[in-house]
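Presented below is the structure to which this report refers.
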Amino acid sequence: MNGNVVEVDDIVIKFAGDSGDGMQLSGTQFSETSAFDGNDLSTFPDYPSEIRAPQGTLAGVSGFQVHIGHKEIKTPGDLADVLIALNPAALKANMKWVKPGAIIIIDIDNFDNKHYKKAGYIEDPIGDGSLNGYNVVKAPITYLSKASIRDLGLDSKSAERTKNQFALGILYWLFNKDLKFGGNFLDQKFKSKPILADANKRVLKAGYDYAETIEALKTTYLINPIKERKGRFRSITGNIALAWGLIAAAERAGLELFIGSYPITPASEILQELSKRKHLGVKAFQAEDEIAGINAAIGASFAGSFAVTTTSGPGLALKSEAIGLAVITELPIVIVDVQRGGPATGLPTKPEQGDLLQALYGRNGESPCVVLAASSPANCFHFAYMAGKIALEHMVPVILLSDGYLANGSELWELPGIQDMPKIKPPLVKDNDSEYKPYKRNKKTHVRYWALPGQEGLRHRIGGLEKEDITGIVSNGPLNHERMVKIREEKVQYVANDISELEVIGEESGELLVVGWGGTYGALVSAVKGLQEEGKSISLAQFNYIKPLPKNTEKVFSKFRKILICEMNLGQFAIYLRSQLPQFQFLQYNKIQGLPFMISELKEKVIQILEG
Amino acid sequence: MADEKNTKIETRPVVTKNDYKVDNEVKWCAGCGNYAILSAVQNALVESGTRKEDVVVVSGIGCSSRFPYYINTYGFHGLHGRGAVIASGIKIANPKLDVWHITGDGDCMAIGGNHFIHVIRRNVDMNILIFNNKIYGLTKGQYSPTTPKGTVTKTSPDGTIENPFKPGELTMGAQGAFFARVVDTEPKRMEQVFLEASRHRGASVVEILQNCVIFSNKIHSLITRKDVRDDNQIFLEHGKPMIFGKNKDKGIIMKDSRLKVARISKYGISENDVLIHDARDPDDTTHYMLVRMTLPDFPLATGVIRNCPGVSNYGMLLEEQMEKAKENTKIKNVIDLIKENSWIVK
């Protein structure tokens with residue numbers, strides 16, 4: 001143990017530097033090391049939409065926040081206990097996100113007049129007193145990083161790129177972490193370039209030794225492992241969890257997975273991950289545009305694959321006509337929307353919940369889809385699985401909402417077993433079934449049957465024109481159309497029989513029910529639990545099933561005096577709930593800044609309402 | 001009971017044209033060229049010996065795109081312009097299927113233009129039949145991307161001011177390995193060309209000069225009219241000299257790197273000087289020139305203009321990669337997958 005060790009429950013660390021300084025990498029490395037140590041964790045990257053914005057400027061600052069703890073961790077944390085700032089711009093951009101008295105580690109080699117100017121500082125931030133009250137570690141990070149690997153003969157650029165490891169070495173010392181885990185991570189990362197693995201490992205150790213030698217801080221910290229938690233774990237981001245949930249659904253349905261998608265931030269990683277999974281029978285089709293992505297998926301669905309398309313808000317807009325085609329042909333398909341700030345190109349790398357009404361209503365005609373929302377990086381797996389199960393068993397398009405915050409954020413995941421993946425039974429038809437008609441339905445669920453091209457005795461034709469129920473003959477009949485419109489809506493509503501009920505976190509009745517949906521769960525549950533500990537009469541209901549709503553929704557709402565809907569838009573879920581449950585009065589708290597909710601601001605708002 | 005030996009012989013039921021006929025009414029205008037095309041496709045399917053359950057007909061939107069409703073196969077009537085990608089999804093999902101994509105000049109060259117070039121570039125194994133009547137029929141008479149410049153239509157009252165696309169040029173530009181052109185008045189030739197298209201492994205494009213009796217009637221009459229067709233059309237066949245004309249007295253020759261029409265006579269050129277059609281030439285330079293020939297200086301080229309075998313297609317390459325990936329992995333299912341890089345906390 002290093003120096004004077006203090007045990008703490010949790011700690012928030014923000015890594016900040018130029019995009020290209022390896023902040024995402026070192027953040028991931030530190031969080032994985034902590035996960036191996038048995039800590040709970042949550043991470044969130046904060047990067048600019050430009051790949052390499054001008055060096056040293058505020059626009060070019062890339063960040064990665066890590067929250068690790070000895071108890072359950074649900075968010076990446078509001079404010080940082082430790083800030084690593086590799087240049088003045090990183091310091092300037094992040095000062096408002098650090099706690100008073102925080103530890104700030106800076107690379108003094110980059111704190112010169114040239115860099116101050118680029119970052120927009122008028123005065124030297126070290127000399128002007130603005131860092132008074134903080135615990136500042138000024139280390140010659142660039143110089144010492146290069147010096148420690150001089151004999152390896154790397155070019156100057158590659159050598160300089162190792163400096164994130166030096167800063168990380170200081171952290172390993174400060175939090176009493178084992179360098180071995182960091183080394184393993186680097187070996188894995190630079191598998192094909194052993195010289196870089198070697199260089200980075202050396203610099204990591206140099207940072208550690210430096211901190212130890214100069215005793216950078218009087219106190220070091222220890223975050224003990226979670227005791228009550230046992231099982232098999234890994235850390236996972238929302239996008240990867242989502243991709244794997246889709247693979248699981250295909251496997252449990254006995255079908256091939258087909259994904260037709262077009263690259264778009266922040267959803268591209270799902271397509272990338274699935275492109276790597278040919279060994280599990282996944283066919284990934286990178287289409288020429290968003291429209292082609294979904295139409296190819298619809299074709300694959302017609303042919304008998306579990307078909308998926310993934311996108312973000314602008315792409316969902318482009319896919320809307322084709323979603324209608326899946327609605328009218330009653331083919332199973334999952335449409336994943338990893339939401340980002342809109343409208344138009346909007347804020348590509350920032351989270352927002354602005355696509356809810358688009359998912360529910362953004363199509364021509366009466367075009368009902370099932371709408372689900374994942375609420376943590378790890379449960380993207382479960383809801384991708386459920387999206388597949390519902391689509392395949394109910395012959396209906398399912399829109400699964402994630403967001404940039406879940407997609408790129410990571411957390412610890414206790415691995416599910418096969419028993420957590422209930423078998424999926426699509427309504428397939430046997431060859432030569434003389435009863436088969438394209439729109440013949442299961443009477444209880446309205447689900448039509450799925451006959452696949454190639455099957456004997458089941459040739460049929462479907463398409464975008466309205467069809468007569470049962471026979472599937474093209475029909476303009478007024479009564480038939482009304483009947484089909486209603487059937488399609490009811491079919492979606494019947495899904496409510498197959499989904500879990502709405503869970504209340506806290507007492508089942510009380511003063512205030514906080515309502516959220518999707519990715520805001522971490523912040524909302526942390527805020528609500530915090531207030532519960534303070535003795536407030538408050539509970540939380542977080543929705544994952546949006547259309548149809550869980551059957552007990554009305555009952556849950558009726559037990560509270562006030563209902564507050566918190567969401568990262570102008571109130572889209574509130575609009576929807578008012579239309580579905582007009583008997584209730586809904587209060588709103590909305591944030592549309594491309595930033596997740598902070599626990600502190602939620603608490604403040606809730607107290608205001610409880611007192612008001 | 002048949003003995004074991006006999007049961008091993010595959011006895012595929014004989015497929016007849018009737019197997020491809022539907023009970024419902026076919027609702028194209030009387031005299032529409034589509035009837036002849038439908039019949040030729042049915043004949044080609046019978047001739048090809050394909051298992052009838054494996055045939056899938058996919059379309060977009062337009063008069064031609066009603067086709068799937070009029071042929072007894074698995075059929076999918078898609079969205080405007082999107083037939084090519086729906087068809088791609090079907091073929092990639094199940095490579096055993098014989099996929100036919102039916103489209104028109106508006107569906108395929110305008111709203112579906114992007115998908116058209118990409119399906120060819122990817123070379124997904126399917127037959128693409130473009131019904132080119134150079135007009136929007138279903139929406140009642142607006143100009144299309146293949147309408148000749150200057151044509152007066154409902155949306156070009158003073159004549160179009162846009163250059164028309166030639167489907168063949170786009171096909172070659174997108175590295176297509178198969179392109180053919182036929183007219184809807186010649187059923188035998190259509191059948192022959194469709195059959196060749198269906199045997200080609202890759203994206204096979206067939207442009208059918210189709211007559212819309214209502215909105216662009218006789219648009220192709222200079223090519224199809226009995227009295228002029230032999231002089232204004234050259235039906236190309238692989239390995240045969242490019243000779244045409246009512247009296248078989250004209251030939252296509254290459255002079256100064258350009259195609260020229262020359263008269264075969266004692267005083268002119270001999271049959272030996274005439275170009276021999278090589279549809280299989282991997283180099284598409286000559287095919288491109290043939291596709292661009294227009295009246296009045298040239299006859300219009302019909303028949304199979306390009307049919308380059310042995311070009312790898314999307315399905316083949318994907319299948320190869322999938323097999324290799326399956327051989328080289330220890331991760332056989334989703335449980336193996338999620339366990340990677342995990343650890344146990346005791």
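Since we're looking at a predicted model, the values are computed, not measured. In what follows, chains are A, B, ... by sequence order, proteins preceding strands, each numbered from 1.
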The interface call for A/Ala322 against chain B, heavy-atom contacts under 4.5 Å, is both
Is there a donor-acceptor pair closer than 3.5 Å between any side-chain N or O of B/Tyr74 and the backbone N or O of A/Gln455?
-> yes
Where on A/Arg277 is there a heavy atom nearer than 4.5 Å to chain B: the side chain, the backbone, both, or neither?
-> side chain
Would you mind checking which part of A/Pro225 comes under 4.5 Å of any heavy atom in chain B, side chain (CB onward), backbone (N, CA, C, O), both or neither?
-> neither
Chain B contact via A/Ala297 - side chain, backbone, both or neither, heavy atoms under 4.5 Å | neither
Does a donor on one side chain and an acceptor on the other come within less than 3.5 Å for B/Thr73 and A/Arg459?
-> no
Verify the neighbour count for atom NZ of A/Lys71: are there more than 12 heavy atoms of other residues, nucleotides or ligands below 6.0 Å?
-> no
Pick one of side chain, backbone, both or neither for A/Leu412, based on which atoms fall under 4.5 Å of a heavy atom in chain B.
-> side chain
If you count heavy-atom pairs under 4.5 Å between each of B/Asn341, B/Ile331, B/Val57 and chain A, which one has the most?
-> B/Ile331
Measure B/Asn328 against the heavy atoms of chain A and call it side chain, backbone, both or neither at under 4.5 Å.
-> neither
Most heavy-atom pairs under 4.5 Å with chain A, out of B/Lys324, B/Lys96, B/Lys52, belong to B/Lys52
If one checks every heavy atom of A/Ala307 against chain B at 4.5 Å, the contacting part turns out to be neither
Say you draw a straight line from CE of B/Met322 to CG of A/Leu280; how long is it, rounded to the nearest 0.5 Å?
-> 9.5 Å
Flag the one option from B/Leu79, B/Asn94, B/Ile344 with the top tally of heavy-atom pairs under 4.5 Å to chain A.
-> B/Leu79
Measure distances from A/Leu465 to the heavy atoms of chain B and classify the residue's part below 4.5 Å as side chain, backbone, both or neither.
-> both
Side chain, backbone, both or neither of B/Leu97 within contact of chain A (heavy atoms, under 4.5 Å) = side chain
Residues A/Phe36, B/Trp343; criterion ring-ring contact (aromatic ring centres under 6.0 Å, His included); working and verdict | CA-CA 7 Å; A/Phe36 270 111; B/Trp343 60 88; 4.5 Å; yes
Examine distances only and state if a side-chain atom of A/Glu251 and a backbone atom of B/Val334 form a donor-acceptor pair shorter than 3.5 Å.
-> yes
So, the part of A/Ile259 with a heavy atom under 4.5 Å from chain B: the answer is neither
Please state whether the side chain, the backbone, both or neither of A/Ala243 comes within less than 4.5 Å of a heavy atom of chain B.
-> neither
Could you pull out all residues at least two apart from A/Asn295 that satisfy side chain to side chain donor-acceptor pair (under 3.5 Å)?
-> none
Answer with side chain, backbone, both or neither: which region of B/Val22 has an atom nearer than 4.5 Å to a non-hydrogen atom of chain A?
-> side chain
Distance col, row B/Ile86:CD1 vs A/Ile298:CD1, nearest 0.5 angstrom, shows 6.5 Å
So which part of A/Phe285 gets closer than 4.5 Å to some heavy atom of chain B, the side chain, the backbone, both or neither?
-> both
So what's closer than 4.5 Å to chain B heavy atoms on A/Glu256: side chain, backbone, both or neither?
-> side chain
Tell me, do A/Arg461 and B/His77 make a side-chain contact under 4.5 Å, heavy atoms counted?
-> no
Select one option (side chain, backbone, both, neither) describing which atoms of A/Ser301 are under 4.5 Å from chain B's heavy atoms.
-> neither
Presence of salt bridge, A/Lys278 and B/Glu323, under 4.0 angstrom | no
Interatomic spacing from CD1 in A/Ile418 to CD1 in B/Ile335 - rounded to 0.5 Å = 4.5 Å
Where along residues 110-123 of chain B does a heavy atom come under 4.5 Å of chain A, listed by residue number?
-> B/Asn114, B/His115, B/His118, B/Arg122
